[in-house]
Amino acid sequence: MRSIRAAAAGAVTLSLALAATACGGGSATGGGSNDSPKTLTYWASNQGASIEVDKKVLQPELDKFEKQTGIKVKLEVVPWSDLLNRILTATTSGQGPDVLNIGNTWSASLQATGALLPWDAGNFGKIGGRDRFVDSALGSTGAEGEDPAAVPLYSMAYALYYNKKMFADAGISEPPATWDELVADGRKLSKDGKWALGMEGSNPSENIHHAFVFAKQHGADFFTVDGKADFTSDGTVAAVKQYVDLMAKDKVIAPGNAEYAQNQSVSDFAKGRTAMLLWQSASANLASQGMSEDAYGIAPVPVQSGSPGTGKQVNSMVAGINLAVFKNTDNADGATKFVKFMTSDAEQKILNKAYSTIPPVKSAQSDAAFATPANAVLKDTLAKSAVALPQVADESQFETAVGTAVKGLFADAAAGRPVTTASVKAALEKAQQQMPAA
């Protein structure tokens, strides 16, 4: 998913604990109907540089869908800061959209509410079949062994974006391949009021994405093989400390980034205030802020040593957006038609090009429009060195609890308070206590 902002842990836990009833246009049956065949309500996630950018991208496509089908789509672009809480409230209140975007890391958590339409073979058949989608994208659509809770819409991976001129001025000839190299380069780049690397330290979900990757690189995970929370192993503690130490010890991230949560790090990079950015599919966002593609390069996210790959060489989570349908929609047939439209080859090319994301539909991904150097890095990462976040029912609570703990550690770093192995472990212990009892 792209830069997901955290929901409150209490609201997440409460909403998922309640017996969910699906929502939609108001159907009380819980099983969907076609009582309102001429309208659909669609909650889209904020993918572009602003909500207005998203409306400009999406509205012409929704108008096209209305012309083809006679179904009017009422669009609301929901900020990431609100999206998860609003979805969870909708699963319990019965008041929500017919179709919505979800961050792919939430798939199993929302699946556990029972609110979303399962994409079994029959439903996949209505949109052209499951085999149209790439395997890595399908791997983040719900719990293993269950029918997916959503359909892949946009695929993304993290990459390292670097300012070519700032690198040249510092005498750096190539982007760093390891974290040690990044820190060494970062010390050369952090001067004259400019900094090496931008981060969103107050964004719990950005934090959890990076903490997850660092944990993989330390041979650790945040869950045991049977799905139980395990936040305080030596590997996870070392991973979170290494991440926060980029600000606390290595001094390559500005202390002010501890308060960032709304794409400010992207703006800083676009304006030349930072030399590097770790972000998901950032090209369209940077272009919308006036940064030329010639001004930056793109490289894989660093690893501990060697080159990206499987095991400890993982360098990204499988990022992306899925499209889901609430089971009690008042326009079940229309909702399915809309999913088919949005995942058609033609729309996949239009939408993913607009957002500089990768189509999860195989035939669209092979289009020449997605053969740019930037997309080559992203596609290679997704194919070889990206791993899905845990597809477990407690995943959204995990994002909130650990992501918020890391936010607090960044706040400590920014304030000059020591970030030690003991303080990291204590923060993670507190986060684990917030998880549902096994």
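Because the structure is predicted, anything quoted here is derived from the model rather than measured.
With hydrogens and angles ignored, the 3.5 Å screen pairs no side-chain donor or acceptor of Q59 with any backbone N or O of K55. Not one N or O on the side chain of D333 forms a donor-acceptor pair closer than 3.5 Å with the backbone of N34. Side-chain atoms of T236 do not come within 3.5 Å of backbone N or O of A215 as any donor-acceptor pair. T92 places a side-chain N or O within donor-acceptor distance of the main-chain N or O of T89, the cut-off being under 3.5 Å. In this structure a side-chain-to-backbone donor-acceptor pair under 3.5 Å is missing from T41 to P97. Of the possible donor and acceptor atoms, none in the side chain of Q397 sits under 3.5 Å from a partner among the backbone N and O of M435. Judged by distance alone, the side chain of D35 and the main-chain N or O of D330 form no donor-acceptor pair under 3.5 Å. The main-chain N or O of N46 is found under 3.5 Å from a side-chain atom of W80 such that the two form a donor-acceptor pair. Proximity of a side-chain donor or acceptor of T329 to a complementary backbone N or O of D98 within less than 3.5 Å is not detected. Side-chain atoms of N123 come within 3.5 Å of backbone N or O of P118 as a donor-acceptor pair.
A donor and an acceptor atom, one from each side chain of E200 and S265, are located under 3.5 Å apart. In summary, the side chains of Y260 and D268 do present a donor paired with an acceptor at a separation below 3.5 Å, with no hydrogens or angles considered. In this model, a donor atom of one side chain and an acceptor atom of the other lie less than 3.5 Å apart for D226 and T224. Side-chain atoms of Q217 and Q242 form no donor-acceptor pair, as typed in the model, at a separation below 3.5 Å. For the 3.5 Å distance criterion, the side chains of S283 and Y161 fail to qualify, holding no donor opposite an acceptor.
Judged as a ring pair (Phe, Tyr, Trp, His ring centres under 6.0 Å), and not counting sequence neighbours, F212 has no contacts. Among residues two or more places apart in sequence or in another chain, the side-chain contact (heavy atoms from CB on, under 4.5 Å) test is passed with S305 by none. Under the rule for a side-chain hydrogen bond (donor to acceptor under 3.5 Å, both in side chains), the partners of N315 that lie at least two apart in sequence or sit in another chain are S385. Every residue two or more places apart in sequence or in another chain was checked for a salt bridge (Lys or Arg N to Asp or Glu O under 4.0 Å) with K72, and none qualifies. Listed by chain and residue number, F338, F341 satisfy the ring pair (Phe, Tyr, Trp, His ring centres under 6.0 Å) test with F65 (two or more places apart in sequence, or in another chain). Residues passing the side-chain contact (heavy atoms from CB on, under 4.5 Å) test with D131, sequence neighbours excluded: none. The side-chain hydrogen bond (donor to acceptor under 3.5 Å, both in side chains) check on S423 picks up T420, with sequence neighbours excluded. Annotation: side-chain hydrogen bond (donor to acceptor under 3.5 Å, both in side chains) contacts of D412 (sequence neighbours excluded): R417. Not counting sequence neighbours, T421 has no partner by the side-chain hydrogen bond (donor to acceptor under 3.5 Å, both in side chains) test.
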Trace of the side chain to side chain contact (heavy atoms under 4.5 Å, CB included) decision for N322 with W106 = CA-CA 9 Å; N322 294 341; W106 302 338; over 6 Å; no
request  = Decide yes or no on side chain to side chain contact (heavy atoms under 4.5 Å, CB included) for V266 and L286, but give the supporting numbers first.
outcome  = CA-CA 7 Å; V266 184; L286 295 171; 3.7 Å; yes
message = As a quick check of understanding, evaluate ring pair (Phe, Tyr, Trp, His ring centres under 6.0 Å) for W179 and F214, giving each step before the final call.
response = CA-CA 10 Å; W179 292 111; F214 274 109; 4.6 Å; yes
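Counting heavy-atom neighbours within 6.0 Å of K216 NZ, excluding the residue itself, gives a total above 12. More than 12 heavy-atom neighbours from other residues, nucleotides or ligands sit within 6.0 angstrom of NZ on K362. Counting non-hydrogen atoms of other residues, nucleotides and ligands closer than 6.0 Å to CD of Q264 gives a total above 12. Dense packing is recorded around NZ of K379, with more than 12 heavy atoms of other residues, nucleotides or ligands lying under 6.0 Å away.
Note that CG of L88 is 8.5 Å distant from OG of S109, once rounded to the nearest 0.5 Å. To the nearest 0.5 Å, atom NZ of residue K337 and atom CG of residue N331 are 8.0 Å apart. The line from CD1 of I87 to CG of L100 is 5.0 Å long, rounded to the nearest 0.5 Å. Rounded to the nearest 0.5 angstrom, Q434 CD and E429 CD are separated by 12.5 Å. Here the CG atom belonging to L197 is positioned 7.5 Å from the OG1 atom belonging to T274, to the nearest 0.5 angstrom. Taken from OH in Y162 to OH in Y296, the straight-line distance is 11.5 Å, to the nearest 0.5 Å.
Between F222 and F398, the ring-plane angle classifies as tilted under the 30° and 60° cut-offs. Using the six-membered ring where Trp is involved, H210 and Y243 have ring planes that are tilted, between 30° and 60° apart.
Listed by first and then second residue, the salt bridge (Lys or Arg N to Asp or Glu O under 4.0 Å) pairs that reach into residues 135-150 come to none, sequence neighbours excluded. Residue pairs meeting the salt bridge (Lys or Arg N to Asp or Glu O under 4.0 Å) criterion with at least one partner in residues 345-358, sequence neighbours excluded, are K64-E347, R132-D345, K349-D367. Within the structure, every pair that satisfies the salt bridge (Lys or Arg N to Asp or Glu O under 4.0 Å) test and touches residues 235-250, not counting sequence neighbours, is listed here: R187-D250, K241-D245.
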